[in-house]
Amino acid sequence: MVNGDGKTLDMDNVKAVNPEAQDWHGSANVSATAARGNTVSEKVTVLADIAKRWESNRFTGDFGYYFAQSGTSHDDKEKTEDRILLEAQEDHFWATKVYSYLNGRYERDGINNLQYRYRLGVGLGYQWLENETFESTGKWNFDQEAGVTYVKEKYEHEKDDDYPAFRYAHHLKWAPRWIDNFELFHNFEYLPNMDHWSDQYLIATDVGFTTQLIKSWQLLGKIEWDYNSAPPPSTKKSDIRYILGLGYKW
């Protein structure tokens, strides 16, 4: 590559081409429905995220709130969803693509009788692609992570439990070049109990899209799947959520 002075640049010393501004950015998205008549129900989902990238560090945070209730009248409505989660991660890049991470997560699910689950983990990640644009396909982001996590959880009518878990995760974003202001994403996380590898593990994954509507307003659509291989009695192993909402991105 040749610079403005006509000199050839050594690309091995170039850390980024047209780097994005190092500002805080994120989004807040809301999905809500209500019914009146033979069925009286309300459902609200609030999702938010925030992130910032420095030269050698990166911070990401996520928040989710899920609430739903339904019945035949206002007097007999019962909760069908009551869940909250909060997660944050700090990455430090030791090389252009290699980083270490520290993350923490809190979640509660009233329907699944989960009073709390705390997680604290450390590990390594590899940033295969970061805002890299290919003429044939568009802009890509993709990373993979592996590490160890301490999990402490408490279910209603059960003793609290804590255990070490292995963690694998990956995150993918793709903005196709032939669709303006449209992005597909996929996230996956797998946490098996290191004392019971095949019997007790958690999986959390999603797949979806965002597309710009007007200015900073966007449409979010996604499918979330949570799986617990060893849930407490009277609860199911799998939870699937379908979300379509309006959001604001900055």
Side-chain angles (χ1 to χ4, degrees), residues 1 9 11 14-31 45-64 66 85 87-93 95-99 101 103 105 123-146 168-190 203-226 240-250:
M1 179 179 289
L9 295 176
M11 294 305 296
V14 177
K15 295 184 178 181
V17 178
N18 297 324
E20 294 187 352
Q22 296 177 353
D23 295 325
W24 288 100
H25 61 275
S27 66
N29 306 272
V30 177
S31 172
T45 300
V46 180
L47 301 173
D49 61 83
I50 191 169
K52 185 172 182 178
R53 177 71 155 95
W54 296 267
E55 181 177 342
S56 299
N57 294 281
R58 177 174 59 196
F59 176 86
T60 55
D62 294 280
F63 169 81
Y66 309 77
L85 67 88
E87 184 172 12
Q89 178 164 317
E90 177 76 21
D91 304 325
H92 178 74
F93 283 80
T96 304
K97 294 181 177 294
V98 179
Y99 61 91
Y101 71 80
N103 64 16
R105 179 181 173 114
L124 295 174
Y126 192 84
Q127 188 75 46
W128 294 91
L129 301 168
E130 185 173 18
N131 297 320
E132 294 194 32
T133 301
F134 300 91
E135 293 184 3
S136 58
T137 57
K139 187 165 87 170
W140 294 82
N141 286 269
F142 180 64
D143 64 61
Q144 291 180 293
E145 299 173 346
Y168 167 79
H170 64 243
H171 312 91
L172 171 68
K173 291 183 180 180
W174 173 39
R177 70 171 183 82
W178 51 85
I179 307 178
D180 292 336
N181 302 312
F182 180 83
E183 184 177 75
L184 294 165
F185 61 85
H186 166 58
N187 302 286
F188 177 85
E189 186 179 54
Y190 170 59
I203 295 176
T205 185
D206 66 17
V207 61
F209 72 90
T210 59
T211 184
Q212 182 181 357
L213 297 175
I214 301 175
K215 294 184 178 180
S216 296
W217 294 96
Q218 68 176 12
L219 179 68
L220 166 71
K222 71 170 179 172
I223 302 172
E224 296 181 344
W225 179 53
D226 292 334
I240 300 177
R241 293 176 292 274
Y242 304 91
I243 300 170
L244 183 65
L246 179 66
Y248 185 85
K249 184 177 182 179
W250 65 90

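The first residue in the sequence is number 1, and the count goes up from there.
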Paired with Q127, the side chain to side chain contact (heavy atoms under 4.5 Å, CB included) test is passed by just one of Q144, R58, E145, namely R58

Output the distance between atom CH2 (W250) and atom CD1 (I50), rounded to the nearest 0.5 Å. 6.0 Å

Quick one, F209 with L219, criterion side-chain contact (heavy atoms from CB on, under 4.5 Å). Give me CA distance, side-chain angles, the key distance, then yes/no. CA-CA 8 Å; F209 72 90; L219 179 68; 4.3 Å; yes

If you round to the nearest 0.5 Å, how far is CZ of F93 from CG of N57? 9.0 Å

Ionic contact status for R241 with D226, cut-off 4.0 Å: yes

Determine yes or no for a side-chain-to-main-chain donor-acceptor pair under 3.5 angstrom, with W174 supplying the side chain and T137 the backbone. yes

Are the side chain of K97 and the backbone of W128 linked by a donor-acceptor contact shorter than 3.5 Å? yes

Does the side-chain contact (heavy atoms from CB on, under 4.5 Å) test come out yes or no for F185 and N141, once each step is laid out? CA-CA 9 Å; F185 61 85; N141 286 269; over 6 Å; no

Stepwise side-chain contact (heavy atoms from CB on, under 4.5 Å) check, D49 with T60: CA-CA 7 Å; D49 61 83; T60 55; over 6 Å; no

Distance, nearest 0.5 Å, that separates OH of Y66 from CG of L47: 4.5 Å

With a cut-off of 6.0 Å (strictly less than), are more than 12 heavy atoms of other residues, nucleotides or ligands near CZ of F59? yes

Distance (rounded to the nearest 0.5 Å) between L129 CG and K139 NZ: 12.0 Å

Under a plain distance cut-off of 3.5 Å, with no hydrogens placed, do N187 and E189 share a side-chain donor-acceptor pair? no

Please check: side-chain N/O of S31 versus main-chain N/O of L244, any donor-acceptor pairing under 3.5 Å? yes

Could you tell me the separation between the CD1 atom of I243 and the NZ atom of K222, rounded to the nearest 0.5 Å? 5.5 Å

Does any non-hydrogen side-chain atom of T210 lie less than 4.5 Å from one of N29? no

Check for a donor-acceptor pair, side chain of H171 on one end and backbone N or O of H186 on the other, with a separation under 3.5 Å. no

In Å and rounded to the nearest 0.5 Å, what is the CD to CG distance from E130 to D143? 9.0 Å

Can you tell me if R177 uses its side chain to pair, donor with acceptor, with the backbone of I179 under 3.5 Å? no

Smallest separation among heavy atoms of A146 and Y101, with atom names: C-OH, 3.7 Å

